[in-house]
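As structure tokens, the structure follows; a few thoughts come after it.
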2 protein chains.
Amino acid sequence: MLSTYAGTAAPRNPVVAISPAEAVHWLDPLAPMGAIVRLGRNSEFVVQDEPSAFCFQIVSGCVRTAMAMEDGRRQIGEFLFAGDLLGYETDGPQPYAASAVGDVVLRRFRRCAIDRLAASDTEFDTALRQYLSGQLRTARKRIALLGRGTAGERIMSFLREMQARLCEGGATAFELPIKLVDVADYLGLALETVCRGVADLRKSGAIGGSRTYFVMPRLALRVLH
Amino acid sequence: MLSTYAGTAAPRNPVVAISPAEAVHWLDPLAPMGAIVRLGRNSEFVVQDEPSAFCFQIVSGCVRTAMAMEDGRRQIGEFLFAGDLLGYETDGPQPYAASAVGDVVLRRFRRCAIDRLAASDTEFDTALRQYLSGQLRTARKRIALLGRGTAGERIMSFLREMQARLCEGGATAFELPIKLVDVADYLGLALETVCRGVADLRKSGAIGGSRTYFVMPRLALRVLH
DNA sequence: CGGCCCATTGAAGCTCATCAAATCGAGTGG
DNA sequence: CCACTCGATTTGATGAGCTTCAATGGGCCG
């Protein structure tokens with residue numbers, strides 16, 4: 001596992017779009033220093049409680065971070081998609097493990113390479129800071145969701161997130177590449193609760209589609225932001 | 001409210017301690033640009049959903065950030081104490097309001113002043129990045145706690161946090177300056193649940209003290225990290 | 001001494017977790 | 001093409017943990 005190739009691939013989901021076709025990503029300047037890594041479904045490439053000198057940019061596919069407790073409880077920290085950066089913020093034992101949800105392609109960097117580039121490249125430095133700020137805002141929204149949101153709200157919020165990540169432009173339909181177990185551990189719910197919640201949303205007409213296919217309504221009607 | 005003075009005060013709870021007596025904080029280089037603000041109990045100085053051009057360093061006292069929903073539910077994002085920085089990560093409408101728990105003294109900066117200093121001072125830039133990374137790690141621990149922790153675990157985790165913030169050196173006893181309502185909204189619980197949880201911890205001997213006074217045991221025995 | 005804020009305790013109900021079993025769908029091999 | 005298998009989703013029944021509502025008690029300040 002964790003095979004390494006020399007090569008590049010154009011990252012999707014750019015933060016800065018210069019032109020519709022040729023997307024520029026803030027991590028691009030770092031690309032030459034990155035090794036491409038290809039992983040199969042469920043392979044774990046960051047181990048909980050062990051230090052890791054690496055960060056990863058998702059090139060394609062979906063990655064999850066997960067914190068496990070001794071008694072089997074599990075919390076998923078985030079799902080990452082093409083363009084996202086993983087593992088920068090923790091130097092030392094990693095509180096969350098990271099693994100591939102499906103097949104993924106990653107670009108691997110040493111953490112210090114990022115720090116070094118930040119020290120010399122002001123633009124990159126700003127982008128990194130904005131990235132961290134954004135992650136922090138996102139994490140805090142999730143704190144409110146997990147602290148005070150009902151099961152239905154958590155599920156709807158999750159689906160909106162996925163819509164934002166998985167739909168091109170203003171599209172509203174997507175195929176969810178994530179299993180219910182993972183969704184449940186992401187939302188702090190039981191798998192059955194998620195299943196029932198989704199069924200309820202479908203029966204009430206709040207969303208459309210069936211099984212792993214979702215059709216979201218246009219407007220964000222009162223979904224905990 | 002929100003009166004402003006020119007003046008300085010030595011920040012407690014430094015991130016970098018050069019000598020025991022003369023503590024140096026990473027925000028110190030910014031101090032000359034900051035205005036001192038004194039606020040009374042419960043005064044709100046950042047309003048939810050409204051933009052704010054300012055960041056604040058807590059000089060003394062305790063501050064809370066809170067997100068409120070239309071139906072009265074409320075989530076507290078964090079409690080901040082002397083030395084902490086608030087409000088850097090969000091430029092634009094603030095998802096969380098900020099208010100004083102008791103009387104507080106703050107130092108106020110423009111957000112752009114921080115960015116400007118970061119661009120010119122490498123050491124400060126690094127410290128800022130480490131600060132953001134630390135906040136992110138903290139927020140993600142909280143996500144696991146709120147997603148999967150029981151009431152008892154949340155409460156114990158909160159008390160440990162407070163011990164870390166409020167106790168000098170290795171002390172284990174502290175007076176909690178925060179009301180149960182706020183603790184409840186911080187932990188995503190009902191205030192009665194917090195009250196009962198604390199009572200249970202006391203009855204079982206897991207902690208000591210009474211009312212707002214807490215005596216923690218020495219070792220961290222299985223408290224969700 | 002009275003009023004107020006907050007902590008505390010009790011009782012009842014609801015949401016969600018847990019346990020168990022049925023069903024579905026995608027492969028896989030005969 | 002169909003039977004079989006395995007992983008995943010779905011549905012049902014029951015119960016635990018937490019919330020909610022209500023009332024009491026305790027400390028502090030005017």
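Here is how names work: the chains are called A, B, and so on, in the same order as the sequence lines, proteins then strands, and each is numbered from 1.
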Open item on the list: Against B/Asp185, only a single residue in B/Arg74, B/Arg73, B/Lys179 fulfils side chain to side chain donor-acceptor pair (under 3.5 Å); can you say which?
Closed with: B/Arg74
TODO: Kindly calculate the angle separating the two end axes of the helix from C/dC1-D/dG30 to C/dG30-D/dC1, each obtained from five base pairs, and round it to 10 degrees.
DONE: 30°
Open item on the list: Expressed as a whole number of angstroms, how long is the span from A/Lys179:NZ to D/dT10:C1'?
Closed with: 15 Å
Open item on the list: My understanding is that only one of B/Val101, B/Leu86, B/Val46, B/Asp84 makes a side-chain contact (heavy atoms from CB on, under 4.5 Å) with B/Val63; could you say which?
Closed with: B/Leu86
TODO: Could you state the atom-to-atom distance from CG of B/Asp71 to P of D/dT19 in whole Å?
DONE: 15 Å
Task: Value in whole Å for how far the P atom of D/dG17 lies from CG of B/Leu187 - done: 18 Å
Open item on the list: By the 4.0 Å heavy-atom rule, please label B/Thr212 as base, sugar-phosphate, or nothing.
Closed with: nothing
Task: Rounded distance (Å) that lies between atom P of D/dC28 and atom CZ of B/Arg41 - done: 14 Å
Task: Touch class at under 4.0 angstrom, heavy-atom based, for B/Ala151 against every strand present - done: sugar-phosphate
- [ ] For B/Leu189 and D/dT20, give me the distance from atom CG to atom P, rounded to whole Å.
- [x] 11 Å
- [ ] Provide the closest heavy-atom pair for A/Gly197 versus A/Ile155 in the form atom of the first, atom of the second, distance.
- [x] CA-CD1, 3.6 Å
Open item on the list: Heavy-atom nearest nucleotide on DNA chain C for A/Val194 versus B/Leu191: which residue maps closer to 5'?
Closed with: B/Leu191
Task: Candidate pair B/Arg137 and B/Arg140, rule side chain to side chain contact (heavy atoms under 4.5 Å, CB included), full reasoning - done: CA-CA 5 Å; B/Arg137 286 194 302 272; B/Arg140 295 218 170 119; 5.9 Å; no
Open item on the list: For a quick check of understanding: with a heavy-atom distance under 4.0 Å over all strands, which category does B/Gly197 fall into, base, sugar-phosphate or nothing?
Closed with: nothing
TODO: May I ask you to evaluate whether B/Thr193 reaches the phosphate of D/dC18, defined as a side-chain N or O under 4.0 Å from OP1 or OP2?
DONE: no
Open item on the list: side chain to side chain contact (heavy atoms under 4.5 Å, CB included) for B/Leu80 and B/Thr65? Distances and angles first, verdict last.
Closed with: CA-CA 8 Å; B/Leu80 298 106; B/Thr65 63; 3.9 Å; yes
- [ ] List the steps, then state whether side chain to side chain contact (heavy atoms under 4.5 Å, CB included) holds for A/Arg110 with A/Phe54.
- [x] CA-CA 4 Å; A/Arg110 298 200 162 272; A/Phe54 299 108; 3.9 Å; yes
- [ ] If the plane angle is over 60° it's perpendicular, under 30° parallel, otherwise tilted; pick one for A/Phe174 and A/Phe214.
- [x] parallel
Task: chain B footprint on DNA chain C, 5' to 3' - any atom under 4.0 Å from a heavy atom - done: C/dC6 to C/dA11
- [ ] Measure from OH on B/Tyr213 to C1' on D/dG27 and round the result to the nearest Å.
- [x] 19 Å
Open item on the list: Less than 3.5 Å apart, any donor N or O on the side chain of B/Glu161 or B/Tyr186 sitting next to an acceptor on the other?
Closed with: yes
TODO: Begin from the C-alpha positions of A/Arg64 and A/Tyr96 and carry the test side chain to side chain contact (heavy atoms under 4.5 Å, CB included) through to its verdict.
DONE: CA-CA 9 Å; A/Arg64 76 188 145 230; A/Tyr96 281 87; over 6 Å; no
TODO: Decide yes or no, distance alone: a donor-acceptor N/O pair under 3.5 angstrom between the base of D/dG12 and the side-chain of A/Arg196.
DONE: yes
TODO: Return the nearest nucleotide to the side chain of B/Glu192; candidates are D/dC18, D/dT19, D/dA22.
DONE: D/dA22
